[in-house]
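What follows is a single structure, written as structure tokens, with notes after it.
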2 protein chains.
Amino acid sequence: MNAAVGERSPLGVPEGVDERWVTSDRIGLQLIRLIRLIERQRVIKAKKDGVERAAYVLLARLVIDGPHRSNALAEAVHSDPSTVSRQIAALVKVGYVERRPDPADGRACLLAATDEGHRVFAANRDLRNRWISDVTSDWDDADRERLVELMDRFTTALENHHESGATGAEEDR
Amino acid sequence: MNAAVGERSPLGVPEGVDERWVTSDRIGLQLIRLIRLIERQRVIKAKKDGVERAAYVLLARLVIDGPHRSNALAEAVHSDPSTVSRQIAALVKVGYVERRPDPADGRACLLAATDEGHRVFAANRDLRNRWISDVTSDWDDADRERLVELMDRFTTALENHHESGATGAEEDR
DNA sequence: ACAATCGATTGCTCGGTACAACTATGCACC
DNA sequence: GGTGCATAGTTGTACCGAGCAATCGATTGT
């Protein structure tokens, strides 16, 4: 019988579940908790921030991965092209991103972070990193490293799973 | 000499950063990636789902932690009372949650999941767990366990940090 | 008994996103 | 070399979720 259940798992766990179920359950609950909390933070921080917060993700992508075209960018961040289009427009307007013609295809344009964009992103990144560093101030670095490693693996697995068409209710069994 | 930088870290990393910065940076990037992806999944799954997805979090809370009053629930999930109020109203309407008078305070009411609510939540939970189990099908259980453990720690740290008033730009230095 | 208080709800607004229809421009095929 | 056509991107519209602020209602406690 599920010895592990009583100790960590909350109520509401049906009997007859195996350990794998329990762990999945805990992952799920942690995910919800984490996301809800981060979302909340975002709202709080949103006030003191000039630029569209959502657009930072795009800026980050451009800084880190280099120029993209708009559609590719959308795919990279799992967003709709229309969403990205508007956000990019905003970023261009404030001068953090510039449109350059794509040599490979005349009707496309490559988006690239400007110097100012780099600067702004770097500042933001630093802020965020300070915050994270702060939150995990009492962690040893091995654990932080492990967290990254596992999150990376998990997200990657998620990406693959979701790309392979299994959007949820599929079962191959 | 940031030996670790060249290997895993993306471009755009300024020189002179220490390893701690890099790890924080990677945590941040992973967080963004993960959240964005999950958000996306939510949209996709939202279609095939009758109930307000956002409300499931509340239902979960009620099932797992037992009855709450509305405001307490809001705080528990880091949401605004108004938001919770509406979501609860919806849950009550479909009969997943019931309002019971709070013996301790006449003007409050305790929210509790009904039997039907339990049932629906259990089904959903199972689905989600199957999905997570699927995504991590090639993980060994120790790693899944570790993921939970680290996420839990991280989220808890976040909660504490955010409760201790440090909402972001504060510095005690 | 009455005022202050506290719990919950409702009005309004906003940010972020998606879907779908549309535009336009270069591509590629004939 | 012209023309249909695919493709890149934009815009129109709608929706969802959330938050703030004001309000309603009722209780409690003086």
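Within every chain, numbering begins at 1; the chains are lettered A, B, ... in the order of the sequence lines, protein sequences first and strands thereafter. Predicted model only: the values in this text are computed from it and were never measured. All values below were derived from every heavy atom in this structure, side-chain atoms included, with hydrogens, water molecules and symmetry-related copies excluded.
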Calculate the interatomic distance between [X] atom [atom1] and [N] atom [atom2]; express it in whole Å.
{"X": "B/R107", "N": "D/dG29", "atom1": "CZ", "atom2": "P", "value": "8 Å"}
{"X": "A/L58", "N": "D/dG9", "atom1": "CG", "atom2": "P", "value": "13 Å"}
{"X": "B/R86", "N": "D/dG17", "atom1": "CZ", "atom2": "P", "value": "12 Å"}
{"X": "A/I35", "N": "D/dA18", "atom1": "CD1", "atom2": "P", "value": "12 Å"}
{"X": "B/Q41", "N": "C/dT17", "atom1": "CD", "atom2": "C1'", "value": "16 Å"}
{"X": "B/I88", "N": "C/dG7", "atom1": "CD1", "atom2": "C1'", "value": "14 Å"}
{"X": "A/H68", "N": "D/dA8", "atom1": "NE2", "atom2": "P", "value": "15 Å"}
{"X": "B/L110", "N": "C/dG7", "atom1": "CG", "atom2": "C1'", "value": "12 Å"}

Among [options], find the nucleotide with the atom closest to the side chain of [X].
{"X": "B/D105", "options": "D/dT27, C/dG16, D/dT11", "value": "D/dT27"}
{"X": "B/Q87", "options": "C/dT9, C/dG7, D/dA18", "value": "D/dA18"}
{"X": "B/D80", "options": "D/dC20, C/dA8, C/dA18", "value": "D/dC20"}
{"X": "B/A54", "options": "D/dG17, C/dA18, C/dC6", "value": "D/dG17"}
{"X": "A/S70", "options": "C/dT9, D/dT10, C/dA18", "value": "D/dT10"}
{"X": "A/R99", "options": "C/dG7, D/dG9, C/dA18", "value": "D/dG9"}
{"X": "A/T83", "options": "C/dT17, D/dG25, D/dG9", "value": "C/dT17"}
{"X": "B/R36", "options": "C/dG7, C/dG16, C/dA18", "value": "C/dA18"}

**Prompt:** Side-chain donor-acceptor pair under 3.5 Å between A/R99 and A/S70, yes or no?
**Reply:** no
**Message:** Measuring from atom CZ of A/R33 to atom OG1 of B/T156, what distance do you get when rounded to the nearest 0.5 angstrom?
**Reply:** 4.0 Å
**Residue whose closest nucleotide on DNA chain D lies nearer the 5' end, A/E39 versus A/N71** = A/N71
**Message:** Once side-chain hydrogen bond (donor to acceptor under 3.5 Å, both in side chains) is applied, do any residues pair with B/T83, and if so which ones, sequence neighbours excluded?
**Reply:** none
**B/R144 (side chain) donor-acceptor with A/I27 (main chain) under 3.5 angstrom** = no
**Item:** Closest-nucleotide 5' rank along DNA chain C - winner of A/A55 and A/A104
**Value:** A/A55
**Request:** May I ask you to say what A/S82 touches in the nucleic acid, namely base, sugar-phosphate or nothing, with a heavy-atom cut-off under 4.0 Å?
**Result:** base
**Prompt:** Hey, are the side chains of A/Y56 and B/I32 touching, using non-hydrogen atoms and a 4.5 Å cut-off?
**Reply:** no
